[in-house]
Every structure is written in structure tokens, then in C-alpha cells.
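Take a look at the structure set out below.
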Amino acid sequence: MRINARLDEESARKLACIKQQTNQAVTDVIKSAIDLYYQKLQQQQQNPHKLLIETGFIGCGEAEPNLSVNYKSILKDNLKTKYGYS
């Protein structure tokens, strides 16, 4: 694929600096930049479940083992205790 792009002064200066420091052609610099950007995007799109595990979110809470079955009565009891409802 052939690319034709217009760069502002700052981007052109950065490109010239990269070319000078790496001795790469513009094509190679652009390919490297695309590869780096692609890798960054792939890292951001990790599996949400994996991210929740890695951050410690999953498994960070504590409750009764039967909470999913009895949550209404547990909530009612806690509200009764806290606010004195009968």
C-alpha cells in the first residue's frame, strides 16, 4: 500500500530526528510506528475477565457463602439492625 501523508512542522521534525538517530528510511519508521501502536491497542483489548483477576477485583469481597440465595433476607436483617426497623 502506498501512503501519502501531510505532517505539521512538529511531526516532521520528530520524523527527521527518528530517521537521523535510527538511520531508517521513512517507510521503515512508519512500519515500526504502526507495529508499536498496534501492540499498544492489543494490550488494551485484553480479556476483561483476565484484567479483573489481575487487578485483584475478583475475589476481593467477603460475604456469606449463600449470599446469592439469601441476599434479600440478609439485607433486611442488616437494615433492621442499622435503622431499628421491625
Side-chain angles (χ1 to χ4, degrees):
M1 170 189 299
R2 189 158 186 82
I3 297 175
N4 184 9
R6 297 181 199 280
L7 300 177
D8 58 26
E9 284 184 37
E10 183 178 350
S11 296
R13 182 185 55 75
K14 290 176 182 178
L15 177 59
C17 181
I18 292 169
K19 281 179 51 181
Q20 180 183 16
Q21 290 185 11
T22 63
N23 294 320
Q24 290 181 320
V26 172
T27 299
D28 295 326
V29 172
I30 291 172
K31 285 180 183 180
S32 295
I34 289 170
D35 286 341
L36 288 171
Y37 193 34
Y38 181 78
Q39 288 173 8
K40 181 178 177 183
L41 290 174
Q42 292 303 308
Q43 289 173 353
Q44 291 174 352
Q45 296 175 358
Q46 288 182 12
N47 180 337
H49 182 257
K50 183 179 175 185
L51 288 173
L52 290 173
I53 290 173
E54 288 174 356
T55 60
F57 183 77
I58 292 179
C60 67
E62 294 183 18
E64 292 85 11
N66 61 353
L67 180 63
S68 64
V69 176
N70 299 326
Y71 70 94
K72 288 182 182 179
S73 63
I74 293 170
L75 178 61
K76 180 181 172 187
D77 292 343
N78 287 338
L79 290 174
K80 189 187 303 182
T81 301
K82 183 174 183 177
Y83 296 109
Y85 297 140
S86 50

(request) Working to the nearest 0.5 Å, report the span between OG1 of Thr22 and CG of Asp28. (result) 8.5 Å
(request) Under the side chain to side chain donor-acceptor pair (under 3.5 Å) rule, collect the residues that match up with Lys19, sequence neighbours excluded. (result) none
(message) Between Val29 and Ile34, is there shared hydrophobic-cluster membership here, with clusters defined by ILVMFWY side-chain heavy atoms closer than 4.5 Å?
(response) yes
(message) If we ignore hydrogens and angles and just use 3.5 Å, is the side chain of Asn70 paired with the main-chain N or O of Ser73 as donor and acceptor?
(response) no
(message) Keeping Thr81 on the side-chain end and Asp77 on the backbone end, is there a donor-acceptor pair under 3.5 Å?
(response) yes
(request) Could you list the residues that satisfy ring pair (Phe, Tyr, Trp, His ring centres under 6.0 Å) with Tyr83, not counting sequence neighbours? (result) Tyr85
(request) Mind checking the CD1-NZ spacing from Ile3 to Lys31? Nearest 0.5 Å is all I need. (result) 10.0 Å
(request) Answer with yes or no whether the hydrophobic clustering places Val69 together with Leu75; edges join I, L, V, M, F, W, Y residues whose side-chain heavy atoms lie under 4.5 Å apart. (result) no
(message) Can you tell me how far apart CG (Leu41) and CD (Gln39) are? Round to the nearest 0.5 Å.
(response) 10.5 Å
(message) Could you measure the distance from the CD atom of Glu54 to the NZ atom of Lys50? Nearest 0.5 Å is fine.
(response) 5.0 Å
(request) Report the distance from atom CG of Leu67 to atom CD1 of Ile74, rounding to the nearest 0.5 Å. (result) 5.0 Å
(request) Quick one: do Leu7 and Lys14 satisfy side chain to side chain contact (heavy atoms under 4.5 Å, CB included)? Show the steps, please. (result) CA-CA 10 Å; Leu7 300 177; Lys14 290 176 182 178; over 6 Å; no
(message) Hydrophobic clustering (ILVMFWY, side-chain heavy atoms < 4.5 Å, transitive) - are Phe57 and Ile53 grouped together?
(response) yes
(request) Give a yes or no on whether the backbone of Asp8 and the side-chain of Ser11 come within a donor-acceptor separation of less than 3.5 Å. (result) no
(message) To the closest 0.5 Å, what do you measure between CG (Asn66) and OG (Ser68)?
(response) 7.5 Å
(message) Between Arg13 and Glu9, does any side-chain N to carboxylate O distance fall below 4.0 Å?
(response) no
(message) Using the rule that Ile, Leu, Val, Met, Phe, Trp and Tyr join whenever any side-chain heavy atoms are under 4.5 Å apart, tell me whether Leu79 and Tyr71 fall into a single cluster.
(response) no
